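Report on one structure; see the data block that follows.
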Protein chains: 2
Amino acid sequence: MSETIEEKCIAKGIKLTEQRKIIAKVMSDSRDHPDVDELYNRVSKIDSKISIATVYRTVKLFEEVGIVTKHDFKGGKARYEEINESHHDHLIDIKTGEIIEFIDDEIEKLQNKVAEKYGYKLIDHKLELYGIKKK
Amino acid sequence: MSETIEEKCIAKGIKLTEQRKIIAKVMSDSRDHPDVDELYNRVSKIDSKISIATVYRTVKLFEEVGIVTKHDFKGGKARYEEINESHHDHLIDIKTGEIIEFIDDEIEKLQNKVAEKYGYKLIDHKLELYGIKKK
DNA sequence: GTAGATGCAAAGTATTTGCGACAAG
DNA sequence: CTTGTCGCAAATACTTTGCATCTAC
């Protein structure tokens, strides 16, 4: 039962403006992990009057209520991705910038173990692998 | 045989200016992971004439030649840490911001396995755990 | 002596914000 | 209606850079 972003907004009592609907749609349709600029480009094609400030405000809002996550991959700009059921981490191709999503339950378990060991409850984590494709 | 940053600079043919020596010393003495601003504060106490531009230029240089690493933890600012023999990852206390360094060989191995699985050679990785202290 | 480093201030990026106009509930 | 959002441009925050001067080697 994967809800759409729009449904999530309603569930969380967020006002659904035209702009937010468009931004939500663009994010849902994005398989990659676009930065705000790229998001703005895509959104502009649908409605050219939307300002980049609104895009910034919206992704921030979506992040705060847990609809999307923010990534700070190498390169300065923050990049966003919709959260859906399946948690995953990222394997990034250093040469091409291509991003592969993966899940490894064993690593997940070990992370919890590490946190436990230091007396912490694990809330969140970030795992990024950087590599080059083998020939 | 852990070399000092100064020794590493000489080994890599980097000109050792007074400013660089000071910045190197401050970084070596820092157990935490200071951002450029904080580094600049500490450096200024030793020599108040050093400009923040030099700090930026120096950390960038040190990063390029592999003397320090840059982290993009939550919070926007880039933070730096000296590289020494022991690789480690970070467990960050969400409430206090405290950073615990840890190593887990099992996780390291699994990361390589994941990269392999997708046909990649692992070059680098970043693992950050965010948690809260248990009472 | 010479190539490269520094300081300063100005210029870039990325992101946030104040404010009057406007739209969702 | 009322509260919160939008668009715009100005403001911030972080980082980089041009240029004249200075310094390590």
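Remember, predicted model here, so these are calculated numbers, not experimental data. Just so you know, these numbers use all the heavy atoms, side chains as well, and skip hydrogens, waters and symmetry mates. Order of the sequence lines fixes the chain letters, A, B, ..., with proteins taken first and strands second; residue numbering starts at 1 for each chain.
- Ring planes of His90(A) and His88(A): perpendicular class, angle over 60° (limits at 30 and 60°).
- Over its full length, the helix from dG1(C)-dC25(D) to dG25(C)-dC1(D) turns its helical axis through 50°, comparing axes from the five pairs at each end and rounding to 10°.
- Put simply, CD1 on Ile23(A) is 12 Å from P on dT5(D), counting in whole angstrom units.
- Nearest heavy-atom pair, Val68(B) versus Val59(B), reported as atom, atom and distance to 0.1 Å: CG2-O, 3.9 Å.
- Proximity of Asp89(A) to Leu129(A): side-chain heavy atoms (C-beta onward) are nowhere separated by under 4.5 Å.
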Nucleic acid footprint by protein, nucleotides 17-25 of chain D - heavy-atom cut-off 4.0 Å, B for base, S for sugar-phosphate alone: BB-----BS
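- Smallest separation of non-hydrogen atoms from Asp124(A) and Leu122(A): O-CD1, 3.5 Å.
- Lys49(B) has its NZ atom 10 Å from the P atom of dC8(C), to the nearest Å.
- Here dC14(D) presents its C1' atom at 15 Å from CG of Leu39(B), a figure rounded to the nearest Å.
- One distance of note links CG of Asp37(B) with CZ of Arg79(B); it measures 12.0 Å at 0.5 Å rounding.
- Checking His87(A) against Glu108(A) by side-chain atom types alone, a donor-acceptor pair falls below 3.5 Å.
- Nucleotide dT17(C) holds its P atom 16 Å from the CD1 atom of Ile52(A), rounded to whole Å.
- Between Asp47(A) atom CG and dA23(C) atom P there is a gap of 12 Å when expressed in whole angstrom units.
- Atoms NZ (Lys21(A)) and P (dA23(C)) sit 14 Å apart, rounded to a whole Å.
- What separates CD of Glu6(A) from P of dA24(C) is a distance of 13 Å, to the nearest Å.
- Atom pair Ile50(B):CD1 and dA5(C):P shows a separation of 15 Å (rounding to whole Å applied).
- Across every non-hydrogen atom of Leu91(A) and Ala115(B), the tightest pair is CD2-CA, 4.4 Å.
- Phe102(B) and Tyr118(A) have tilted rings, their planes meeting at an angle from 30° to 60° on a 0 to 90° scale.
- Shown here is Glu106(A), whose CD atom has no more than 12 heavy atoms of other residues, nucleotides or ligands within 6.0 Å.
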